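Please read these numbers as outputs of a predicted model, since none were measured by experiment. Here is the naming used below: chain letters follow the sequence lines, and residue numbers restart at 1 for every chain.
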2 protein chains.
Amino acid sequence: MARRRAPGFEIQREQILAEAALLFAQRGYASTSMNEVAERCGVSKPALYHYFKDKNELLAFICEEHLARLKAVVLEVEALGLDPEPAIRLMIRRFVEEYADAQNEHRVLTEDVKFLASEDRTRVLEGERFIVRALAAAVARMRPDLDAAGLVKPLTMLLFGMINWMFTWFKSGRRVTHAAMAPIVADLFFGGLGAVVETAPLALESEGDKDGSSRCGLDR
Amino acid sequence: MARRRAPGFEIQREQILAEAALLFAQRGYASTSMNEVAERCGVSKPALYHYFKDKNELLAFICEEHLARLKAVVLEVEALGLDPEPAIRLMIRRFVEEYADAQNEHRVLTEDVKFLASEDRTRVLEGERFIVRALAAAVARMRPDLDAAGLVKPLTMLLFGMINWMFTWFKSGRRVTHAAMAPIVADLFFGGLGAVVETAPLALESEGDKDGSSRCGLDR
DNA sequence: CCTACCGATCGGTAGG
DNA sequence: CCTACCGATCGGTAGG
């Protein structure tokens, strides 16, 4: 019969994941050693291997738990049944809040995915695509004309560029800071959508595909 | 008297840098071995160390040559003496073209700067700040009201987010593809600027600093 | 003495 | 859960 897990097992796991995310974000996954992770967590290396079977599992948990929170945001906002623009504004705000609370995890997700074992990497990239599809669908509902022009996916990715890139330059600071950026991003995006539609179809006239699938992939 | 260098020396250096940039972009700097770089270039490892004194120098050259081209773009556009909006539009277009021609180098610059020796890293980050300052100055000239509200630097960084993030999702394809994205980014940015000014000062009213220096750093 | 390399191996350290 | 290790591979350099 399997023995019960110690009550602090899950808590210890989460603490280790947080410390590992910090180290991976600072030094990169490949150049962080399991010795460093163990030392930072105040546990022996064999103890570390008690909580996670190998270095890849550490990386996979960091990425997947962060991604699970982002997916939950999408599902919660969709459940409210808002119109497209307020729904997208709320998602932007919730994403920025989530990133602010998990800056290390976010950096690991964006920079270290390439080090994941291929099955884990596939699952993580599919999770990212789920989130992008949700945003893109809301943009398409709001502006069917842009959808018809094949511009929704590229524009959605530009929106992700703004918010994903924020945490490479934002000084880690007070929460109000991050909160203030969300409406600015949203205003820039919605204000800019009106200007895009006039010139873009001209620029793309030589392209044959309407859905833009040959122009951009939503994965890497 | 120093002997002349073999005529192919510089050509060989550039070929090695291009191959190293590809490997670093694909696998990350830390997990690419000098053996792999040498093998990919078809030279022995001692020969590789003949062209570059160590692994860090390889990384430093990749980053600094790419950055030098971006700085050259800034200086060339500034020399034209255009009005702010056409100047920024042209810079966006030239940046996108430059990124399209140097996708590996661009990815190395954005993801592997943390592995540079500290003196090299300092110089590279100063080069990045030069480019950001040039863009931000043009935005400020165009919209002094946004400058007074302390929003120019954050907005400039959102613009960089759009174009820097493009090459994490864009499928490597035909040149026309990248060229078509530049005016879309510019339209989204300029179209959005008008919408930002109305609501942002409200969102930031509790902040005390006018220049936004406590809110965002333009380095990492 | 120099350069432009080669085959072989150095001292240390990685993940496990 | 510890000390003590392993197979392998790391960045860099020896002699010729």
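Rounded to an integer number of Å, the gap from B:R13 CZ to C:dC5 C1' is 16 Å. With rounding to whole Å, B:N56 atom CG is found 12 Å from D:dG11 atom C1'. When the P atom of C:dT13 is taken as reference, atom CD of A:E36 falls 12 Å away, rounded to whole Å. Atom NZ of B:K45 and atom P of D:dG11 are 7 Å apart (whole Å). Between the CZ atom of B:R27 and the P atom of D:dC10 there is a distance of 10 Å, given to the nearest Å. If you take CD of A:E39 and P of D:dC1, they are 18 Å apart, rounded to a whole angstrom. Between A:M34 atom CE and D:dC1 atom P the separation is 15 Å, expressed in whole Å. Atom CG of B:L48 is separated from atom P of D:dG12 by 10 Å (rounded to the nearest Å).
Rounded to whole Å, the P atom of C:dG16 lies 22 Å from the corresponding atom of D:dA4. Across D:dT9 and C:dG11, the matching C1' atoms stand 13 Å from one another, rounded to whole Å. Rounded to a whole angstrom, the distance from the C1' atom of D:dG12 to that of C:dA8 is 13 Å.
Ring planes of B:F95 and B:F160: tilted class, angle from 30 to 60°.
Nucleic acid contact for B:Y51: sugar-phosphate only, since backbone atoms but no base atoms lie under 4.0 Å from a heavy atom of the residue. At the heavy-atom level, B:S31 lies nowhere under 4.0 Å from the strands shown.
Under the 4.5 Å side-chain criterion, counting only non-hydrogen atoms from C-beta, B:Y29 is not in contact with B:V113.
At C:dC5, none of the side-chain N or O atoms of B:H50 fall inside 4.0 Å of OP1 or OP2 (strictly under the cut-off). The phosphate of C:dC5 has neither OP1 nor OP2 within less than 4.0 Å of any side-chain N or O from B:S44.
Salt-bridge check for B:E105 with B:R69: failed, with every basic side-chain N at 4.0 Å or more from each acidic carboxylate O.
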Practice task
Start with the C-alpha distance between B:R107 and B:D112, add both sets of side-chain angles, then the distance that settles side-chain contact (heavy atoms from CB on, under 4.5 Å), and finish with yes or no.
Solution key: CA-CA 8 Å; B:R107 187 161 183 182; B:D112 293 332; over 6 Å; no
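When distances are taken from the side chain of B:Y49 to each of C:dC6, C:dG16, D:dT13, the shortest belongs to D:dT13. Which of D:dG12, D:dC10, C:dA8 sits closest to the side chain of B:S33 comes down to D:dC10.
For A:K55 and C:dG16, a side-chain-to-base donor-acceptor distance below 3.5 Å is absent, hydrogens and geometry of angles not being considered.
Of the N and O atoms on the side chains of A:D54 and A:Y49, not one donor lies less than 3.5 Å from an acceptor on the other residue.
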